[in-house]
Trainee: 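Just dropping this structure here.
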Amino acid sequence: MNVGPSFGILAVLYIVVMAVLVGLAIYVLFLVITFLRLRIAELKRAAPPKGSSGQP
């Protein structure tokens, strides 16, 4: 069963597209983790100390 040379080209194109999508997914995951860690640190700095109720 010979499907011709176009199958090989499509297979290579599919592999390249999947590799790019996986790379983008990993990059987005890295950015989300980084920005979440920065945001959590910022919220911890802005939060009042645990012992204080905020009333004078």
Trainee: Are the side chains of Val17 and Tyr14 in touch, meaning some heavy atoms are under 4.5 Å apart?
Mentor: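 No. Closest side-chain heavy atoms not under 4.5 Å.
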Trainee: Check step by step if salt bridge (Lys or Arg N to Asp or Glu O under 4.0 Å) holds for Arg39 and Glu42.
Mentor: CA-CA 5 Å; Arg39 182 70 177 142; Glu42 180 183 332; 3.1 Å; yes
Trainee: Under a single-linkage definition using a 4.5 Å side-chain heavy-atom cutoff for Ile, Leu, Val, Met, Phe, Trp and Tyr, are Leu36 and Val28 assigned to the same hydrophobic cluster?
Mentor: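 Hydrophobic grouping puts Leu36 with Val28.
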Trainee: Step by step, would you call Ile26 with Phe30 a side chain to side chain contact (heavy atoms under 4.5 Å, CB included)?
Mentor: CA-CA 6 Å; Ile26 292 171; Phe30 173 76; 5.6 Å; no
Trainee: About how many Å separate CE of Met18 and CG of Leu13, when rounded to the nearest 0.5 Å?
Mentor: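 Going from the CG atom of Leu13 to the CE atom of Met18 covers 9.5 Å.
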Trainee: With clusters defined by side-chain heavy atoms of hydrophobic residues (ILVMFWY) lying less than 4.5 Å apart, directly or transitively, does Leu21 cluster with Leu31?
Mentor: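 Result: no, two separate clusters.
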Trainee: List, by chain and then residue number, the residues other than Leu43 in its hydrophobic cluster (Ile/Leu/Val/Met/Phe/Trp/Tyr, side-chain heavy atoms under 4.5 Å); write none if there are no others.
Mentor: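 In the cluster with Leu43 there is nothing else; it is isolated.
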Trainee: Under 4.5 Å side-chain heavy-atom separation, chaining through any Ile, Leu, Val, Met, Phe, Trp or Tyr, what else clusters with Ile33? Say none if it is isolated.
Mentor: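 Result for Ile33 is Leu29.
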